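Everything below concerns the one structure shown next.
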Amino acid sequence: MSETPTCYNPKETEEKWYKFWEENNYFKAKVNPDKKSFTIVIPPPNVTGILHMGHALNNTIQDILIRYQRMRGKEVLWMPGTDHAGIATQNVVEKNLAKEGLGRHDLGREKFIERVWVWKEQYGSTIIRQLKKLGASCDWSRTRFTMDEEYSKAVKEVFIKLWDKGLIYQDNKVINWCPRCQTALSDEEAPHKDMEGSLYYIKYPLKGLSPSGDESPQGTVPEHVVVATTRPETMLGDTAVVVNPKDKRYKKYIGKTLILPLANREIKIIADEMVDMKFGTGAVKVTPAHDPNDYILGKKHSLEFINVMHPDGRINNLGGDYKDMDRFEARQAIIKDLKERNLLEKIEPHPLSAGHCYRCHTIIEPYLSKQWFVKMGPLAKPALEAVKNGTIKFHPRRWTKVYLNWMENIQDWCISRQIWWGHRLPLYYCRKCQQDNSHCDPERSEGEAILSSKDCFVAGAPRNDKSVIVSCIKPEKCPNCGSTDIYQDEDVLDTWFSSWLWPFATFRNQEDLKYFYPTAVLVTAPEIIFFWVARMVMAGYEFMGKEPFSDVYIHGTVRDIEGKKMSKSLGNVIDPLDIIAEYGTDALRFSLISITAQGQDVFLSKERFEQGRNFSNKIWNATRFILSNIDPEVTKTDLCVIFKNSELGIFERWILSRFYNTLKQVNKNLEAYKFNEAANILYSFFWHEFCDWYLELAKLTIQKKTTQIVLYKVLEKFLRLAHPFMPFITEELWYQTNPEHGSIMISSWPHLQENMIDKKVEQKVETIFNLVAVLRNMRAELEILPQDPIKAKIFSTVKQERLLAEEVKPYIMRLARLDQLDIEEKYAHISGEFTAIVEKMHVVIPLTGVLDIASYRNKLGQKIKKAENDLNSKEAMIRNEQFVKKAPVEVVEKERQRIIELKETIHKLKAVEDGIR
RNA sequence: GGGCGGUUGGCGCAACUGGUUAGCGCGCUUGAUUUACAUUCAAGAGGUUACAGGUUCAACUCCUGUACCGCCCACCA
């Protein structure tokens, strides 16, 4: 009958302890003048969010920092919350509505927003629950939502502050427009993606040579200019063709008029240096309302701006025959028509990159539209300075450059969005004043306008306009004329316009703000640097007069085993909740952390979590073993007592030294944000030193109190070190080791006792372990089974070593499974022996008949050769005067020492070789 | 076009400010069931650190160049 193996079962402990922590308010932060504060604000996940590996990594790192600092005695606050995620959330709710056959316009704005709130109440806390499963020790009593009333107030106030400073303006510009979401987007929200496209060469006939280019008989086309474009459908909005003034091919055409095919409009040929003569045909169609560069040209040359699209991407009334076709449908139709008229010269494949909506991945349409912007230059100044002078540091450092580069080339921020879910702009308009001032038209033209260039660049104009009222609440009457006919701007603000206030707008009172702000460190992924990190820095300086955090830790992106980003659409997602269910939260956390080198991307596969699971199990079983073998009294003994009595044996001193060494390393690496290093150090200490060696040795003396105390103390201290990484299992075992000493999460971090680190003891024990390893190795090579009797001898002329060997003789015998071990001074050669060298000791076991002499001699020969090679190169080094002169003394000394050792080794190995014959 | 990261045993990754014998995990080979743990233990095999130069007494580490992989930003008619 096989017994059921003893395994750690995470499910039972995790729920229990999380509840316990919450009920005891251990996550709560209070202003405490006696303590230093340590604050982290969570990167607020979207309310629509569900936990993915990126969250798991991000929040595990934060929780490690938080739990570590809490144990170190700081008053820590991990501020949680969620982001209303305007577009994403609106999309989700609209999708739900669509199932009922409804669109948001069927409901109307107010009803729709009610629906979103209902949805939010129902599903918005999913991500929070999942973060709890992850063990996150956030102060949930402070949980914030970016649409909370107070938070919304802060958003409006900030808008007004910027308004008053003249940093907010309205303008007609070509912005990134998502035809699916039907809203403007900022540049950051429309990332470019490479894609396969085509370059279409289209003939634009000259005016006057033929009445109309598209009706010439027999398919001949009169004199024309060929333009190349990737988006033929935009030709409907062309208002010029531009060539380089230096281009000989086109010089004669400059100033002439072309007939725009299909639209049959007249457009001029103009000249501008901007044109690259080498690209395409050197002649460029200009569509000022549908391309950012053409927009600049249009402005410069006073062209007309013809917007030919509806907001949903269909061609509008200005598009003639193509009216109401979708933009891509229109593209095909236009190509077909051009072909028929023989106006399409050719189509070439052409790689291009186009902006995509970061929410729905639809191809962005550059679109002329009236939007609100924030002038960023003045805000960027202190934010640049802070990073340049080191007030804010990036980890790893290389991200500094990325940040500075963006900040130095900062563009104005388009903050208005044509959606409903979000913070509505605190702008109101008085209809009466507007009528009196007909110049101003704040209402959006639905994409059918033909604008002359003077209509653009009205920057700041509304600020001087008496019909525009900026206010936190709806004014009862117009302060200018007293009219009550007032309405609010329809647009909402970019979601990031609320997120950038997160480090301070999350606080509910001044006292908290004063105590917890600035926060300590921000933990996030590289994608978010521009969206959020940079803007928070600007907001921190602008509205608080102080940086929002001093350190920014940028961790890698979680990818699948092939290096692809994990995404639902690719189907390569490893769900952290599945891992939690199968292996436990601690296993998930530990594995994730231990494979995440600082700032490097993480390549995940499910198997990687086995390491964490196995480690949990190891900790579990080792603890069980220790607890079942020690006297409960031991748990109350002070370690200092036995230490003072110097009752500690060499192995006790060793494991304590190793523990404090581990502690030192863990401290160092945590301070340096090297979480994987810290985790791996803990792992190898506990597994390969504490369990593999010390626990095995301790079995010999387990009855002794000293042994029990050391076992218990090291275990108990280790649990504390491991707690930030593996909160649940450590809490459970902490409780089991001593039900009376309270929760581990509020226990104190072990104090580093440098005097316990004893390099000499470590070296000695190292030697002993080598001895054991050599004996085990000999056994294996000789193919001696463990149950076979075996005798060994150790020779050493050094008295100290003999004494050491004598002292630990029973241990060596046990670990190497010897029946007899003699320790002697003078090496007496026995024929037919098997020998190895450890330090200054000569380890010998008699040969048995099993050994393959030839292969053994071969191996021996290789060893000798390698040692001789080493020796030669070392001796060459020492002979080199330059080396002896220039290298540091200790390096030279080390080399000399090594030479002596190598000589000795070679000598002994040769003796062994002789002995075999 | 600009910037950044990577290239180290079969696989995935380490190695701080140059300094003995380049570590770890997985995998592989062999052996162990007197056991806290087979989610275990022991022993072993496996690398001239992408390539070409350079600096240095000394290069995985610093510099220059090349190749390949990946990312970011900008432009693209």
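In what follows, every chain begins at residue 1, and chains take the letters A, B, ... in the order their sequences are listed. As the structure is a computational prediction, the values presented were derived from the model and not from experiment.
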Nucleotide of [options] approaching [X] most closely (side-chain heavy atoms):
| X | options | result |
| --- | --- | --- |
| A:E895 | B:U20, B:C37, B:G25 | B:U20 |
| A:N621 | B:A36, B:G5, B:U34 | B:A36 |
| A:N777 | B:A36, B:A43, B:C41 | B:A43 |
| A:R776 | B:C37, B:U21, B:A43 | B:A43 |
| A:F530 | B:C72, B:A36, B:C4 | B:C72 |
| A:Y683 | B:C41, B:U39, B:G25 | B:G25 |

Would A:K699 pass as a cation-pi partner of A:F625, given that its NZ or CZ must be under 6.0 Å from the six-membered ring centre and within 45 degrees of the axis? yes

Roughly how many Å apart are [M] and [N], using the [atom1] atom of each and rounding to a whole number?
| N | M | atom1 | value |
| --- | --- | --- | --- |
| B:A74 | B:C69 | C1' | 22 Å |
| B:A59 | B:U40 | P | 41 Å |
| B:G31 | B:U48 | C1' | 32 Å |
| B:U33 | B:A38 | C1' | 9 Å |
| B:A36 | B:C16 | C1' | 37 Å |
| B:U64 | B:G47 | C1' | 26 Å |
| B:C41 | B:C26 | P | 9 Å |
| B:A14 | B:A52 | C1' | 27 Å |

Describe the nucleic acid contact of [X] in one word from base, sugar-phosphate, nothing, applying a heavy-atom distance below 4.0 Å.
| X | result |
| --- | --- |
| A:P191 | nothing |
| A:R613 | base |
| A:L199 | sugar-phosphate |
| A:D692 | sugar-phosphate |
| A:E696 | base |
| A:N880 | sugar-phosphate |
| A:V286 | nothing |
| A:V891 | base |
| A:K886 | base |
| A:H290 | nothing |
| A:K699 | base |
| A:R624 | sugar-phosphate |

Looking at B:G25, I'd like to know if its phosphate oxygens (OP1 or OP2) sit under 4.0 Å from a side-chain N or O belonging to A:H688.
yes

Between A:K668 and A:W693, whichever has its closest RNA chain B nucleotide further toward 5' is A:K668

Taken to the nearest 0.5 Å, the spacing of A:T623 OG1 from A:K618 NZ works out to 11.5 Å

Run the side-chain donor-acceptor check on residues 193-200 of chain A: report pairs under 3.5 Å with partners two or more places apart or on a different chain.
none

Any strand, both distances under 3.5 Å, Watson-Crick or G-U wobble: B:C26 pairs with B:G10

Using Watson-Crick geometry (N1-N3 plus N6-O4 or O6-N4) or G-U wobble (N1-O2, O6-N3), each under 3.5 Å, B:A15 is paired with none

(message) Centroid separation under 6.0 Å, is that true for the rings of A:Y204 and A:H224?
(response) no

Checking side-chain contact (heavy atoms from CB on, under 4.5 Å) for the pair A:K894/A:R898: CA distance, chi angles, key distance, verdict? CA-CA 6 Å; A:K894 264 183 190 171; A:R898 181 75 187 138; over 6 Å; no

Donor-acceptor pair (no angle test) under 3.5 Å: A:K885 side chain, B:C57 base: no

Original post:
Is atom CD of A:E696 surrounded by more than 12 heavy atoms (other residues, nucleotides or ligands) closer than 6.0 Å?
Top reply: yes

Original post:
Counting only heavy atoms not in A:E881, do more than 12 fall under 6.0 Å of its CD?
Top reply: no

